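Everything on this sheet refers to the single structure shown next.
Everything numeric in this text was worked out from a predicted model, so none of it was measured. We use all heavy atoms of the structure for the numbers below, so side chains are in, but hydrogens, waters and symmetry mates are not. In each ligand, atom 1 is the first atom listed, and ligand 1 is the first ligand listed.
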Amino acid sequence: MASITIRQLDDDLKRQLRLRAARNGRSMEDEARTILRSASSGESVEQSRATALTADMAPVARRAAPSLSRSEERRNRILLIIGGGIAAYKSLEIIRRLKDRGAEVRCIMTKAALEFITVLSASALSGERVFVNLFDATAEHDVGHIRLAREAELVVVAPATADLMAKMAAGTADDLATAVLLATDAKVLLAPAMNPHMWAHPATRRNVALLERDGVIVIGPTAGEMAEAGEAGIGRMAEPREIVCAALPFLYGSRAQQSLKGQRVIVTSGPTREPIDPVRYIANRSSGKQGHAIASAAAALGAEVLLVTGPVSLPDPVGAKTVKVETAQQMLAEVNRGLPADVAIFAAAVADWRVDDPNANKIKKQPGATPSLRLIENPDILAAIGHRDKDRPRLVIGFAAETEQIIEHAKAKLTRKGCDWMVANDVSAGSGVMGGDCNTVHLVTAQGVESWPPQSKEAVARALVARVAEAVSGAQP
Ligand code: C5P
């Protein structure tokens, strides 16, 4: 039996199929199936549409989400459509800020956006593949435009150009961005950016009014200097911070019951630096990504969060009070100062030893004379808090980074350090956990051991704070 793939069709046919699929809210494969079915049965394409949607889309949907319900699939996922304007560079900051708040960000870039920023920067920041073409032979089977539209809890268009808004108002679907905007049933938030004359033009005014009537939320633009020399007026894109503030209430974490509201949570994160002399120190490879993600996730559930962090190159999580320290002793002092708290989560990679008596001046290099360092033990912050009689948080959680016998060592630490839960993970050289974006953890409690699947550090953080919320308030976040 002959087989034909969409890739083999000629360009014009492909273009027609793509537009038709976009108009009908189907993948190209499904559109082709619908056309073939109607041709073979003699029924019109319109008649066959209903059958196709129920018969064909069901397995597609099942394949797309083997274990998650649709609402879980969309939870905290934002689709950011980056239009072609000079403000596109600010959309990179929007990605970063949304991720800091625990959102998963998928990006679509219009062709015009590619003139301003690169796919590489958007994908590096989002940690996901960036989509550009409506017809993409690899994505169509995997993450086609319908899935992109379906799997977002919120769609943010930033910058929204005059052209993109005109197309949206008209219901045009001639590229990936507009096809997705037509196919989505998620809330759409637009951050327009354009020249003040374009913003003031009656056509744009009409389009904005129409879009607002359709339920689209428009944030900005604001007044200010434009990219064009000497131009000023209303047309500057709203600041990333404002756009993120407007977006957050539509995400699950914000909408859902604020299950950690009223709870005080202390989180430690990052490495510590133990001085050898004023310029040299002992440290480790911890990036702080896991601890910072936990602080963000707890803040997103309404907790009052104190993050005590060693030196990292990460932004402070939004919604948490961040205190920066260098040494283990300083970290312990700040954690003690932060008590009382309901929950304490110790994700920092604290140096076990420090130099006994750091030199006040830089140790001079002398040929043939290698200085020796006398190390002494650092305070164990987790054990100190876990064994407190007074002001011990109700839930004390440690991390056990191990390279062998992970669970056994974690269980021993749970008892030794007086904590309630231990999150154990493999940090051996090949695991890529230290400094990486993913983590595979086992939650060790008095009730037993749960092994979680490999997932991003943000996902580990969300899952962990969800369990914390359950434990401290009995509420499902
Ligand atoms: O003993 P180990 O360093 O493997 O224990 C790891 C756990 O203890 C982590 O939760 C870490 O944050 C915490 N810890 C600490 N203070 C130290 C050493 C470890 O809080 N000095």
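Ranking the protein heavy atoms by distance from atom 12 (O) of ligand 1 puts A348 O, 2.6 Å first. Scanning the protein heavy atoms around atom 7 (C) of ligand 1, the nearest turns out to be F399 O, 2.9 Å. Among all protein heavy atoms, the one lying closest to atom 4 (O) of ligand 1 is K413 NZ, 2.3 Å. Nearest protein heavy-atom neighbour of atom 16 (N) of ligand 1: I381 N, 3.0 Å. Atom 14 (N) of ligand 1 has its closest protein heavy atom at D380 OD1, 3.8 Å. Of the protein's non-hydrogen atoms, the one nearest atom 21 (N) of ligand 1 is P379 O, 2.8 Å. In terms of protein heavy-atom proximity, atom 3 (O) of ligand 1 is closest to D352 OD1, 3.9 Å.
Not a single heavy atom of C419 sits closer than 4.0 Å to an atom of ligand 1. Within the structure, ligand 1 lacks A401 among the residues with a heavy atom less than 4.0 angstrom away.
Ion pair K90/E239 flagged as a salt bridge, since at least one NZ, NE, NH1 or NH2 atom sits closer than 4.0 Å to an Asp/Glu carboxylate oxygen. A salt bridge links D420 to R392: at least one charged side-chain nitrogen sits closer than 4.0 Å to a carboxylate oxygen. Salt-bridge check for D277 with K362: failed, with every basic side-chain N at 4.0 Å or more from each acidic carboxylate O. Ion pairing between a basic and an acidic side chain is recognised when a charged N comes within 4.0 Å of a carboxylate O; E408 and K411 show no such pairing.
Neither the backbone nor the side chain of E402 has any atom closer than 4.0 Å to an atom of ligand 1 (non-hydrogen atoms only).
Using a 4.5 Å heavy-atom cutoff, the side chains of P317 and D100 are not in contact. Put simply, the side chain of L80 reaches to within 4.5 Å of the side chain of V156, judged on heavy atoms. Side-chain atoms of D316 and K324, non-hydrogen and from C-beta on, do get closer than 4.5 Å to each other.
Considering backbone and side-chain atoms alike, I397 places every N or O at 3.5 Å or more from each N or O of ligand 1.
Atom 19 (C) of ligand 1 has its nearest heavy-atom neighbour, among M422, K417, E377, M331, in K417. When the heavy-atom distances from atom 17 (C) of ligand 1 to V267, I345, L382, V350 are ranked, the shortest goes to V350.
Under the salt bridge (charged side-chain N to carboxylate O under 4.0 Å, His left out) rule, R77 has a single partner from E458, E153, E151, which is E151.
Of all atoms in ligand 1, listed by their number and element, those nearer than 4.0 Å to a heavy atom of G398 are 10 (O).
Taking SG of C107 as the start and CG of L125 as the end, the distance is 8.5 Å to the nearest 0.5 Å.
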